[in-house]
Amino acid sequence: MTDTFVALSDPTRRLLLDRLSEEGGLTLSDLCEDLPITRQAVAKHLAVLEAAELVASERDGRCKRHYLNPMPLAKMARRWLGRFEDVPMTALAGFHGAPVTRPAHRL
């Protein structure tokens, strides 16, 4: 799960995942369009996403097509967000954060 958090920590990688969620089967050239970084930088970001199993790739002749793999995201959502689905809102109604401490008045 650490790999997933590391992969998601970068805005460029999140952008690549957004593009793959809109349209799967994109090549490296497709993913590089309109990005202000080099092709090699995009390839490195894809390698991080593949290592975290957020992106799956397959060869199509000379091209390599990339697809979003939503399973790690679903597992993370179940593990980290799912536990808060059943929390009654009334339990949080009185929560105001950490108590405010006020400095003692000096005479």
Side-chain angles (χ1 to χ4, degrees):
M1 185 143 331
T2 301
D3 289 344
T4 304
F5 284 114
V6 169
L8 293 174
S9 69
D10 185 274
T12 300
R13 290 193 284 268
R14 290 193 305 269
L15 176 63
L16 293 173
L17 290 175
D18 287 341
R19 287 185 176 184
L20 291 172
S21 72
E22 293 168 6
E23 181 181 357
L26 298 175
T27 63
L28 179 59
S29 295
D30 296 332
L31 290 167
C32 288
E33 287 180 18
D34 302 323
L35 287 181
I37 59 175
T38 65
R39 180 182 173 95
Q40 290 81 9
V42 174
K44 286 182 180 183
H45 284 299
L46 275 175
V48 171
L49 293 169
E50 287 178 338
E53 298 180 357
L54 291 167
V55 170
S57 302
E58 70 178 9
R59 287 273 177 200
D60 181 17
R62 293 178 61 187
C63 295
K64 186 176 180 183
R65 300 205 173 270
H66 305 279
Y67 299 89
L68 173 68
N69 177 14
M71 290 308 295
L73 295 172
K75 288 178 184 177
M76 185 171 50
R78 275 196 306 273
R79 180 172 177 190
W80 293 103
L81 302 176
R83 69 176 75 174
F84 299 107
E85 289 177 350
D86 297 330
V87 174
M89 293 309 287
T90 56
L92 299 175
F95 181 72
H96 299 291
V100 177
T101 56
R102 295 192 177 131
H105 293 294
R106 292 186 179 202
L107 296 175

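What's counted below: heavy atoms across the whole structure, side chains too, no hydrogens, waters or symmetry copies. Everything quoted here is computed from the prediction, not taken from an experiment.
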Can Ile37 be reached from Leu46 by stepping across I, L, V, M, F, W or Y side chains whose heavy atoms are under 4.5 Å apart? yes

Among residues at least two apart in sequence or on other chains, which ones pass side-chain contact (heavy atoms from CB on, under 4.5 Å) with Ala51? none

Return the CZ to CZ distance between Arg59 and Arg65, rounded to the nearest 0.5 Å. 11.5 Å

Looking at residues at least two apart in the chain, or sitting in another chain, which of them share a salt bridge (charged side-chain N to carboxylate O under 4.0 Å, His left out) with Arg78? none

Do Leu73 and Val48 belong to the same hydrophobic cluster, where Ile, Leu, Val, Met, Phe, Trp and Tyr are linked whenever their side-chain heavy atoms lie under 4.5 Å apart, directly or via other members? no

Sorted by chain and number, sequence neighbours left out, salt bridge (charged side-chain N to carboxylate O under 4.0 Å, His left out) with Lys44 holds for none

What's the separation between atom CG in Leu17 and atom CG in Leu8, rounded to the nearest 0.5 Å? 6.5 Å

Report the distance from atom CG of Leu26 to atom CG of Leu31, rounding to the nearest 0.5 Å. 5.0 Å

Once side chain to side chain donor-acceptor pair (under 3.5 Å) is applied, do any residues pair with Ser29, and if so which ones, sequence neighbours excluded? Arg39

Hey, any chance Leu16 and Phe5 share a hydrophobic cluster, counting ILVMFWY side chains that come within less than 4.5 Å of each other, even indirectly? yes

Going by salt bridge (charged side-chain N to carboxylate O under 4.0 Å, His left out), name the residues that satisfy it together with Glu53, two or more places apart in sequence or in a different chain. none

Give me the atom names and distance for the closest heavy-atom approach of Ala7 to Ala52. CB-CB, 3.8 Å

Hey, quick one: are Leu35 and Leu54 part of the same hydrophobic cluster, counting side-chain heavy atoms closer than 4.5 Å, chains of contacts allowed? yes

Rounded to the nearest 0.5 Å, how far does CG of Asn69 lie from CG of Leu49? 11.0 Å

Give me each pair satisfying side chain to side chain donor-acceptor pair (under 3.5 Å) with a member in residues 13-26, each pair once, sequence neighbours excluded. Arg13-His45

Separation between CD (Gln40) and CG (Leu28), nearest 0.5 Å, reads 8.5 Å

Rounded to the nearest 0.5 Å, how far apart are CZ of Arg62 and OG1 of Thr27? 12.5 Å

